[in-house]
Each structure stands twice: as C-alpha cells, then as structure tokens.
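Quick note on labels: first sequence line is chain A, next is B, and so on, each numbered from 1. Remember, predicted model here, so these are calculated numbers, not experimental data. Because only heavy atoms are used, hydrogens play no part in the values below, and waters and symmetry mates are left out as well, while side chains stay in.
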Amino acid sequence: MSNALLEDLTWRGSIAQSTDRVELEKYLADPGASLYLGCDPTAPSLHIGNLVALTLLRRFQLAGYRPIALVGGATGLVGDPSGRSAERSLNEAELVASWVDRIREQLEGFLDFSGKNGAIMANNLDWTAPVSAIEFLRDIGKHFSVNQMLAKDSVASRLESGGISYTEFSYQVMQAFDFLELYRRHSCALQIGGNDQWGNIVAGVDLIRRAEGKSAHALTIPLLAKADGTKFGKTAEGAIWLDPAMTSAYAFFQFFLNSDDRDVEQLLKTFSFRSREEIEALIDSLNANPGAREAHRALAREVTTLIHGADQASKVEAAAKALFGQADIGDLDLETLSSALAELPKVIVKRGEQIPSWVDLVTNSGVVESKSAARRVIKEGGAYLNNEKIRGEDFTPKTSDLLHGQFLLLRKGKRDLIAVEITD
RNA sequence: GGUGGGUUGCCCGAGUGGCCAAUGGGAGCGGACUGUAAAUCCGCCGGCUAUGCCUUCAGUGGUUCAAAUCCACUACCCACCA
C-alpha cells in the first residue's frame with residue numbers, strides 16, 4: 001500500500017470496487033493526476049445521495065489531485081437506467097438546462113477552483129450536442145459490443161422487468177464518451193462515482209482503451225445502506241436536498257441528528273473530514289454513551305456547515321437546542337426565541353386578524369397534508385401549543401398564548417415544530 | 001399475428017353485483033418506553049363546510065334500484081403459441 005489517500009478511503013469503507021489497484025496507485029502517484037465525477041440534472045438540486053460521491057471527489061482534491069465536476073446536460077436529457085426498474089419520463093430540454101445551472105452552482109461551492117489543482121467544471125452537452133448521429137455511431141458506437149452492453153446489470157435487470165428503450169440503452173455509451181472526451185481534453189484517466197455507476201464507468205474505461213489504446217481507471221464508493229434496510233437519504237417527504245429552499249438548513253441538521261445510532265459510524269466515515277483519530281474518539285463516545293449523541297451532533301454540525309455554512313449551522317443547532325432543551329418555552333428571551341423560530345417552517349398571521357385554529361395553522365404550514373390528518377393528531381394526543389398538550393379538535397390559540405406578543409410554537413408529535421408569527 | 005392472464009388506495013396484495021372507502025402486510029403518522037435513536041407494545045391511516053356529503057378500484061361508455069365486482073370498446077403489462 002503506497003497511497004495514503006487510498007488507505008484512508010479503505011478505512012472509511014469508501015471503496016466498493018476499483019480497477020486494478022496497482023495500476024490505480026501508479027496513476028495516483030502523479031500528484032497532478034485528475035479525476036472526474038458526473039452528476040445528472042434529474043432535479044433542481046443535488047441531494048445527500050449525490051453528496052456521498054461528491055465528498056469523495058473533495059477528498060481527492062484535498063489530497064492534491066485535480067477534480068473535474070461534470071454536469072450531465074446531455075446525459076440528463078437521456079436518462080440513466082441504473083438502479084431503475086422502469087423507464088424514466090423525459091424532461092423538457094429547457095427544464096433540464098435550468099437544472100444544469102443550479103447544480104453547477106452547487107458543485108462550485110463544494111470544490112476549490114483556484115490554485116494549482118483547481119477544479120474544472122464541465123458540461124457534457126458541450127461536446128455531445130455538436131456531434132451528428134452519424135459521427136456518433138461511426139466514431140463511438142463502433143467500439144461497443146451490444147453483447148457486452150446487454151450484460152450490464154442496469155440493462156439486464158430491465159430486460160427482465162418490462163424492457164428498456166433504445167434511448168436509455170444508449171446511456172452507457174454517452175457516459176463512456178464523456179470519459180473519453182475528458183481524457184482527451186484534460187488527460188483525465190480516473191472516474192469515480194457511486195457503485196451503481198460501475199457499469200457506466202467501466203464502459204468508459206473500455207472505450208478509452210479501444211479508441212486511444214490507453215488505460216483508464218475506475219473507483220466506486222458503496223451506496224449507503226441504512227441499518228433498517230431502507231435507502232439512505234430518503235424520508236417520507238422525499239429526498240434531503242442540498243438547496244435550502246427545498247430542504248431547510250434546520251431540517252437538514254435534524255436529519256443527521258436523528259440518524260439511527262447504528263448508522264452514525266458509517267456516516268461519519270463517509271462524510272466527515274475529521275482525522276481518523278477524531279472520528280474514532282466520536283465513535284467511542286457513541287458506544288459509551290449513545291444517549292448523549294455527541295457523535296450525531298458532530299456529524300450534523302459538520303455536514304450542515306459544509307453545505308449551509310458555519311453561520312447557518314450554528315443557528316440551526318442553537319435553534320434546536322433552545323426549542324428542544326427548554327422545558328418552558330416562555331422562559332426564552334425574545335432574541336433567542338425569534339432566531340430559533342426563524343429556522344422552522346413558518347405560518348404568518350396578520351396582527352388584528354383572527355388567529356386560525358390549530359388544525360388550520362398546522363395544515364397551512366404543510367407539515368401535515370390534510371385537515372383530517374391534523375385533527376387526527378389532536379385526537380391521538382400529539383398536538384402541542386408552546387410545548388403544552390392541547391385537546392379538542394377545534395382548539396384555537398388565543399392572543400394571550402402569544403410569546404412576547406408575536407409568536408406561537410406549534411408542535412406535532414415529538415419532532416415537528418412550526419412557528420407562527422404575528423406580523424403587522 | 002393467435003390464445004390466455006392481468007391493471008385495486010403511497011407500495012405489495014385480497015375482494016368477483018348490495019354488509020366496500022374496500023380484508024391483510026409493509027411504509028407512514030400519533031401514543032407508551034427512551035435519548036428529538038433502535039426494538040417492542042397500543043392506536044390511527046381518502047377528503048370535506050363531517051352523526052352527513054364528496055371522490056377513489058387503468059380509461060371510456062353501457063346493463064342494473066345498486067358495480068371494484070357484469071357487458072363493450074380503448075390503452076398498457078405479463079404468459080404460452082407463431
């Protein structure tokens with residue numbers, strides 16, 4: 001073992017598969033070596049599933065290598081069959097283009113574009129769009145064997161279940177073309193990604209060998225699996241997004257804070273940039289005193305800081321502490337209270353207007369999807385106003401319930417807090 | 001192209017004329033325990049201007065006092081044959 005980074009990644013459990021390890025180490029022996037990670041615009045924002053591989057890319061940059069972040073402006077128009085049991089529906093080109101812009105911004109915040117190993121941003125639409133179908137078929141397609149393409153897991157499983165369109169079938173060729181193009185443009189001979197990308201990445205390795213007679217490398221990171229067997233990063237409400245407009249920094253922090261104890265070690269190893277010693281100390285603390293949740297807190301704080309910045313991270317942590325730690329919410333001073341409530345889903349009521357019922361307030365906040373659901377919560381004893389249980393399906397807060405004359409804190413169940421603000 | 005089977009609530013899956021907003025499981029939600037964790041146990045689980053009303057069993061039209069259930073056509077999926 002000669003490469004410190006690979007050694008660290010092995011300890012972290014961040015290596016699922018790689019092409020020949022010795023060859024890979026040789027490639028990485030060059031301090032300026034570059035590598036790329038692609039993200040397809042399938043939504044207006046990246047989510048924490050993408051963050052797994054993105055974190056890996058960042059580790060490479062911190063170790064001195066040059067990262068290339070590729071946004072799949074072209075591949076996003078086609079659709080990756082990997083991990084999908086059914087055909088994707090195609091998104092409008094303008095929509096995908098707008099997602100490309102937003103995702104590019106997110107990627108930019110995650111890497112360092114200055115210095116000698118400054119990151120490079122790429123969009124595969126740049127080299128894919130100008131190529132004619134005939135050129136594509138003759139220059140690229142000729143290197144692919146349909147037999148091998150059919151053997152890929154992503155394709156084979158789809159042939160079992162309902163079939164696959166020619167469009168999605170071609171996806172691996174497009175991704176391989178990207179790898180070849182980045183090899184030609186930037187001498188990039190390593191592609192990383194989630195383990196579900198293995199087949200697509202190897203398609204590129206093969207293409208580079210055939211078209212250029214050169215060897216390229218692949219490295220994948222395991223897809224995170226949760227202890228309870230469900231997919232990491234998905235909640236009932238959907239994915240945890242990196243865009244604060246889609247998942248608030250508060251909700252983002254809470255997501256990590258509420259991690260299953262059994263998952264925390266792997267999450268720390270996957271996402272944390274702390275040293276091995278620090279992480280091991282946190283894990284010791286987790287095992288010794290899980291109720292204190294020091295490791296959960298450190299994880300939540302670090303990842304939230306990375307995505308939302310240190311200011312936001314400390315704000316949402318302070319908010320959670322104030323709102324959950326305090327027995328009597330009325331004891332909080334105005335400043336602490338208002339900054340804590342600022343992080344929560346909020347309902348605005350105009351001063352002087354009738355305060356809506358608890359049911360209406362909670363429904364308006366979007367925390368429950370119907371009034372029936374809100375009424376049910378009251379009936380089942382999970383409804384609170386200012387941390388006091390309320391009863392009666394038609395319960396309506398009174399002016400005298402207002403904290404500092406302008407706020408209400410509603411709660412549904414153990415964790416869901418909602419702020420109500422009276423404004424002029 | 002032929003024949004047969006299928007399409008049910010977030011998912012899986014019962015139901016084959018009224019007792020069906022529709023059995024059961026999973027997910028989800030609330031409660032108890034605890035630590036804003038897990039496991040376990042209990043309850044809930046279409047919507048609403050709510051002792052009633054509205055929308056739902058692929059789509060459309062029909063039979064009937066009455067349909068998820070019967071008939072016709074359309075779309076999609078699966079299986080066997082070619």
Practice task
Quick one: list whatever passes side-chain contact (heavy atoms from CB on, under 4.5 Å) with A/S314, sequence neighbours left out.
Solution key: none
Problem - Residue pairs involving residues 369-380 of chain A (criterion side-chain hydrogen bond (donor to acceptor under 3.5 Å, both in side chains); sequence neighbours excluded) - result: A/D360-A/K371
Fill in the blank from the handout: In short, side-chain hydrogen bond (donor to acceptor under 3.5 Å, both in side chains) pairs touching residues 246-255 of chain A with sequence neighbours left out are none
If you look only at distance, which donor and acceptor atoms sit under 3.5 Å apart when one is on a side chain in residues 397-409 of chain A and the other is two or more places apart or in another chain?
from	atom 1	to	atom 2	distance (Å)
A/D401	OD2	A/K398	N	2.7
A/H404	NE2	A/L332	O	2.8
A/H404	NE2	A/L334	N	3.4

Nearest-angstrom distance, [atom1] atom, [N] to [M]:
N     : M     : atom1 : answer
B/U51 : B/A58 : P     : 31 Å
B/A82 : B/G13 : P     : 30 Å
B/G30 : B/U36 : C1'   : 15 Å
B/G52 : B/U63 : P     : 30 Å
B/C41 : B/U34 : C1'   : 14 Å
B/G46 : B/A22 : C1'   : 11 Å
B/C53 : B/G17 : P     : 26 Å
B/U69 : B/C57 : P     : 9 Å

[X] [atom1] to [N] [atom2]: how many Å, rounded?
X      : N     : atom1 : atom2 : value
A/N387 : B/U36 : CG    : C1'   : 12 Å
A/L267 : B/A37 : CG    : C1'   : 13 Å
A/R415 : B/U34 : CZ    : P     : 16 Å
A/Y384 : B/U36 : OH    : P     : 12 Å
A/L409 : B/U36 : CG    : C1'   : 14 Å
A/F252 : B/U36 : CZ    : C1'   : 18 Å
A/I378 : B/C44 : CD1   : P     : 18 Å
A/N287 : B/A38 : CG    : P     : 17 Å

Practice task
May I ask you to say what A/G382 touches in the nucleic acid, namely base, sugar-phosphate or nothing, with a heavy-atom cut-off under 4.0 Å?
Solution key: sugar-phosphate
Exercise for the section: Select base, sugar-phosphate, or nothing to describe what A/D261 touches, counting heavy atoms under 4.0 Å on all strands. Expected result: base
Exercise for the section: Indicate yes or no for a side-chain donor-acceptor contact from A/T19 to the backbone of A/A218 under 3.5 Å, with no hydrogens or angles considered. Expected result: yes
[N] pairs with which nucleotide, Watson-Crick or G-U wobble, both distances below 3.5 Å?
N     : value
B/C76 : B/G6
B/C65 : B/G18
B/U49 : none

Fill in the blank from the handout: The complete set of ring pair (Phe, Tyr, Trp, His ring centres under 6.0 Å) pairs with one or both residues in residues 275-308 of chain A, sequence neighbours excluded, reads A/F252-A/H308
Problem - Stacked cation flag A/R301 on A/F253, 6.0 angstrom / 45 deg - result: no
Exercise for the section: Measure from the side-chain heavy atoms of A/E380 and tell me the nearest of B/G31, B/A37, B/C44. Expected result: B/C44
Problem - From B/U36, B/C29, B/G35, nucleotide with atom closest to A/P290 side chain - result: B/G35
Practice task
Please say whether more than 12 non-hydrogen atoms of neighbouring residues, nucleotides or ligands are located less than 6.0 Å from CD in A/E421.
Solution key: yes
Handout entry: CD/A/Q17: more than 12 non-hydrogen atoms of other groups inside 6.0 Å
Key = yes
Contact list (N/O, under 3.5 angstrom) for nucleotides 45-48 of chain B vs protein:
from	atom 1	to	atom 2	distance (Å)
B/G47	OP1	A/S370	OG	2.8
B/G47	OP2	A/R376	NH2	3.0
B/C48	OP1	A/K371	N	3.0
B/C48	OP2	A/S372	N	2.9
B/C48	OP2	A/S372	OG	2.2

Problem - Partners passing side chain to side chain donor-acceptor pair (under 3.5 Å) against A/N195 (at least two apart in sequence or in another chain) - result: A/T220
Handout entry: Pairwise 5' ranking along RNA chain B for A/N258 and A/K389, keeping only the more 5' one
Key = A/K389
Completion exercise
The answer to which of A/H296 and A/R411 contacts RNA chain B further toward the 5' end, by nearest nucleotide, is A/R411
Exercise for the section: Would you list the pairs meeting salt bridge (Lys or Arg N to Asp or Glu O under 4.0 Å) in which at least one residue belongs to residues 192-207 of chain A, sequence neighbours left out? Expected result: A/D206-A/R209
Practice task
Keeping to residues at least two apart or across chains, list the salt bridge (Lys or Arg N to Asp or Glu O under 4.0 Å) pairs with something in residues 126-139 of chain A.
Solution key: none
Exercise for the section: Look at the side-chain N and O atoms of A/R297 and state whether any lies under 4.0 Å from the OP1 or OP2 oxygen of B/U36. Expected result: no
Exercise for the section: Check whether any side-chain N or O of A/K414 sits under 4.0 Å from OP1 or OP2 of B/A37, and answer yes or no. Expected result: yes
Exercise for the section: May I ask you to test the A/V264-A/D260 pair for a side-chain heavy-atom distance under 4.5 Å? Expected result: no
Could you pull out all donor-acceptor pairs under 3.5 Å where a side-chain atom in residues 147-154 of chain A meets a protein atom, sequence neighbours excluded?
from	atom 1	to	atom 2	distance (Å)
A/K152	NZ	A/G199	O	3.3

Handout entry: Contact state string [nucleotides 51-57 of chain B, B base, S sugar-phosphate only, - no protein heavy atom under 4.0 Å]
Key = -------
Polar-atom pairs under 3.5 Å, protein N or O versus N or O of nucleotides 7-12 of chain B: list them with distances, or write none.
none

